[in-house]
Amino acid sequence: MSEPILRLEGVAKDYRMGENLVRVLDRIELRIAPGEYVAIIGPSGSGKSTLMNIIGCLDRPSAGNYYLNGAEVEALGDDQLAVVRNREIGFVFQSFNLLTRHDALHNVMQPLVYRGLRLGARRRRAEAALASVGLGDRLHHRPNQLSGGQCQRVAIARALVGEPGLVLADEPTGNLDSRTSTEIMRLFDELNTRGHTIVLVTHEADIAEHTRRIVRLRDGRIEDDAPVENRRHAEPA
């Protein structure tokens, strides 16, 4: 079995509310291998967003250990974590988080600015990323000239442009209608078949069923962790 791309050992997260200490995550044990396609699902308040923030190095656990590509995340300083987020993790958000004054090409180029790449190299990589999500003909369209589904495709291209080892998607279909949601999930399915490791957070069971493994959270604990058995991933007869 391959070395996990991420490993959480006894991870807990506490928040202080007045005089009370509230445990949002409680002794999470999780391993995800390269190439996996995983959904983290649970009701509101289950801790799934907190878990996503820890996996994405946007927050630190109160206890336990987190290893990303073999590195102990807790040992990294803030500047090192910023480099990890830029180079090793691609983020896709529910609200797209696109720069409204920039076209699709420049939105996708943005993460590469911090790598010190020359303009020509940034442009070539951004064009290739947009083509890979079916937007090769929308390079110079701004977000207000694109549909919601196209905006999310731009966001996915931005997540992929840095060639990260891990793509994290937080409610990636939350702002989309059902038809567009299906199209976006088919894109994620395709990206996983190309070898991308994808972890997505969702509260929708039909979205989670696109993945190959579902981790169910309840009250800050993993209630269930099992492979998905569905027709999408069945081999043809």
Nearest 0.5 Å please: distance from the [atom1] atom of [X] over to the [atom2] atom of [Y].
X: Leu176; Y: Cys151; atom1: CG; atom2: SG; result: 9.5 Å
X: Leu98; Y: Gln110; atom1: CG; atom2: CD; result: 11.5 Å
X: Asn65; Y: Glu72; atom1: CG; atom2: CD; result: 5.5 Å

Scan side-chain atoms only and decide if [X] and [Y] contain a donor-acceptor pair under the 3.5 Å cut-off.
X: Asn175; Y: Gln94; answer: yes
X: His210; Y: Asp189; answer: yes
X: Asn107; Y: His102; answer: no
X: Asn53; Y: Thr50; answer: no

On a heavy-atom basis, which atom in [X] and which in [Y] lie closest, and how many Å separate them?
X: Leu217; Y: Gly47; result: CD1-C, 3.7 Å
X: Met52; Y: Ala169; result: CE-O, 3.4 Å
X: Gly162; Y: Leu112; result: CA-CD2, 4.2 Å

Under 4.5 Å between side-chain heavy atoms, counting indirect links through other Ile/Leu/Val/Met/Phe/Trp/Tyr residues: same cluster for [X] and [Y] or not?
X: Ile207; Y: Phe96; answer: yes
X: Leu146; Y: Met109; answer: yes
X: Ile41; Y: Val11; answer: no
X: Leu30; Y: Val201; answer: yes

Exactly one candidate in Val199, Ile32, Val38 meets side chain to side chain contact (heavy atoms under 4.5 Å, CB included) with Val215; the answer is Val38
Spell out, as yes or no, whether a donor-acceptor pair under 3.5 Å connects the side chain of Gln152 to the backbone of Phe93.
-> yes
Would you say Lys13's side chain and Leu51's backbone share a donor-acceptor pair under 3.5 angstrom?
-> no
Would one find more than 12 heavy atoms of other residues, nucleotides or ligands at under 6.0 Å from atom [atom1] of [X]?
X: Arg186; atom1: CZ; value: no
X: Asp79; atom1: CG; value: no
X: Arg218; atom1: CZ; value: no
X: Tyr15; atom1: OH; value: yes

Before giving the answer on side chain to side chain contact (heavy atoms under 4.5 Å, CB included), spell out for Val73 and Cys57 the whole-Å C-alpha distance, their side-chain angles and the decisive distance to 0.1 Å.
-> CA-CA 8 Å; Val73 172; Cys57 299; 3.9 Å; yes
Is the Lys NZ or Arg CZ of Arg212 less than 6.0 Å from the centre of Tyr37's six-membered ring, within 45° of the axis?
-> no
